[in-house]
Trainee: 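Take this structure, written in structure tokens, and hold onto it; I'll ask about it next.
Note that the numbering runs from 1 along the sequence shown for the chain. The model shown is predicted, which means the values in this text are computed figures rather than measured ones.
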Amino acid sequence: MKKLLYLVAVLSFTAACTKTTTTPTDSGASIVTNDSSEFNGRLIVTTYDYYTGNTLPSANVYVYTRYEDIAKNLYLYTRKSNGAGDADFGYLLQGNYYLVSSNTTRRDTSLVQVLSKRITYRNVYLQ
């Protein structure tokens, strides 16, 4: 009887979940690239050179959940910006996140708020 209840619970839970598509990030973790959840929003970060205004490809962009995690280097995700300077983090749970963007000589730290069912674009300027 316990096995039957367990099986019914597992099947019910599986049927209640929506399908998502994931791709590996630069950090080896998976990001959600297609999502139908009520509580997730997409985050795209564009890195710029502060002095010239040009986009910066191959910049490292890190997402942190708490400011204290920056000093400990406990990031949630990391991506390298593409040729257009964009780092797409896919869908994240709505909330506030800290961003640290850097290349070999420059760095910027900023805060971003991800809202549900929206795409959030954040520009960062490395100086």
Trainee: Going by heavy atoms in the side chains, are Val63 and Tyr98 under 4.5 Å from each other?
Mentor: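 Not in contact.
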
Trainee: Is it the case that the side chain of Arg79 and the backbone of Asp88 share a donor-acceptor pair, with hydrogens and angles ignored and the cut-off at 3.5 Å?
Mentor: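 Looks like yes, one N/O pair under 3.5 Å.
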
Trainee: Treating Ser81 as the side-chain partner and Ser58 as the backbone partner, does any N or O pair qualify as donor plus acceptor under 3.5 Å?
Mentor: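 Yes, the answer is positive, given that a donor and an acceptor are paired below the 3.5 Å cut-off.
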
Trainee: For Tyr121, does its backbone N or O pair with a side-chain atom of Arg42 as donor and acceptor, under 3.5 Å?
Mentor: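 Not at all, since once roles are kept as given, no pair shorter than 3.5 Å links the two residues.
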
Trainee: Under 4.0 Å between a side-chain nitrogen and a carboxylate oxygen: does that hold for Asp69 and Arg66?
Mentor: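 Counted as a salt bridge, because a side-chain N and a carboxylate O are separated by less than 4.0 Å.
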
Trainee: Taking Leu76 as the starting point, is it possible to reach Leu74 by hopping between hydrophobic residues whose side chains are less than 4.5 Å apart?
Mentor: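 No; tracing contacts between hydrophobic side chains, which count when under 4.5 Å, never links both residues.
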
Trainee: Does any part of the side chain of Phe39, heavy atoms only, come nearer than 4.5 Å to the side chain of Leu93, both counted from C-beta?
Mentor: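 Side chain of Leu93 against side chain of Phe39, heavy atoms only: contact under 4.5 Å found.
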
Trainee: Has the side chain of Thr78 got a donor or acceptor atom that lies under 3.5 Å from a matching backbone atom of Val61?
Mentor: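 Between the backbone of Val61 and the side chain of Thr78 there is a qualifying donor-acceptor contact (under 3.5 Å).
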
Trainee: Do Thr47 and Asp108 make a side-chain contact, defined as non-hydrogen atoms from C-beta onward lying under 4.5 Å apart?
Mentor: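 Thr47 vs Asp108: side chains apart.
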
Trainee: Would you check if there is a donor-acceptor pair between the side chains of Thr46 and Asp86 at a distance under 3.5 Å?
Mentor: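 There is such a pair (donor and acceptor under 3.5 Å, judged by atom type) between the side chains of Asp86 and Thr46.
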
Trainee: So Tyr97 and Leu92, do their side chains get closer than 4.5 Å, heavy atoms only?
Mentor: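 Yes. Closest side-chain heavy atoms under 4.5 Å.
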
Trainee: Just wondering, do Gln127 and Tyr51 contact through their side chains at under 4.5 Å, heavy atoms?
Mentor: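 Touching, per the 4.5 Å side-chain cut-off.
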
Trainee: Would you check if Thr120 and Val112 make a side-chain contact, meaning some heavy-atom pair closer than 4.5 Å?
Mentor: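 Yes; the side chains approach each other to less than 4.5 Å.
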
Trainee: Could you walk me through whether Ile119 and Ile44 pass side chain to side chain contact (heavy atoms under 4.5 Å, CB included), step by step?
Mentor: CA-CA 7 Å; Ile119 299 175; Ile44 299 173; 4.0 Å; yes

Trainee: Could you measure the distance from the CG atom of Leu43 to the CZ atom of Phe89? Nearest 0.5 Å is fine.
Mentor: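 Answer for the CG-CZ pair, Leu43 versus Phe89, is 6.0 Å.
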
Trainee: Which heavy atom of Val45 sits nearest a heavy atom of Ser101, and at what distance?
Mentor: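 That closest heavy-atom pairing would be CG1-OG, 4.5 Å.
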
Trainee: Donor-acceptor pair, Thr109 side chain versus Val100 backbone, under 3.5 Å?
Mentor: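 Absent.
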
Trainee: Go through Asn60 and Tyr75 one step at a time and tell me if the side chain to side chain donor-acceptor pair (under 3.5 Å) criterion holds.
Mentor: CA-CA 12 Å; Asn60 297 310; Tyr75 55 85; over 6 Å; no

Trainee: Are any of the side-chain heavy atoms of Leu115 and Gln94 separated by less than 4.5 Å?
Mentor: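 Result no, sub-4.5 Å side-chain heavy-atom pair not found.
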
Trainee: For Ser37 and Lys117, work out which heavy atoms get closest and say how close.
Mentor: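 That would be O-CG, 4.3 Å.
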
Trainee: Hey, does Leu126 have a side-chain heavy atom less than 4.5 Å from the side chain of Asp49?
Mentor: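 Result no, sub-4.5 Å side-chain heavy-atom pair not found.
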
Trainee: Rounded at 0.5 Å granularity, tell me how far OH in Tyr62 sits from OG in Ser102.
Mentor: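 Tyr62 OH to Ser102 OG: 5.5 Å, rounded to 0.5 Å.
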
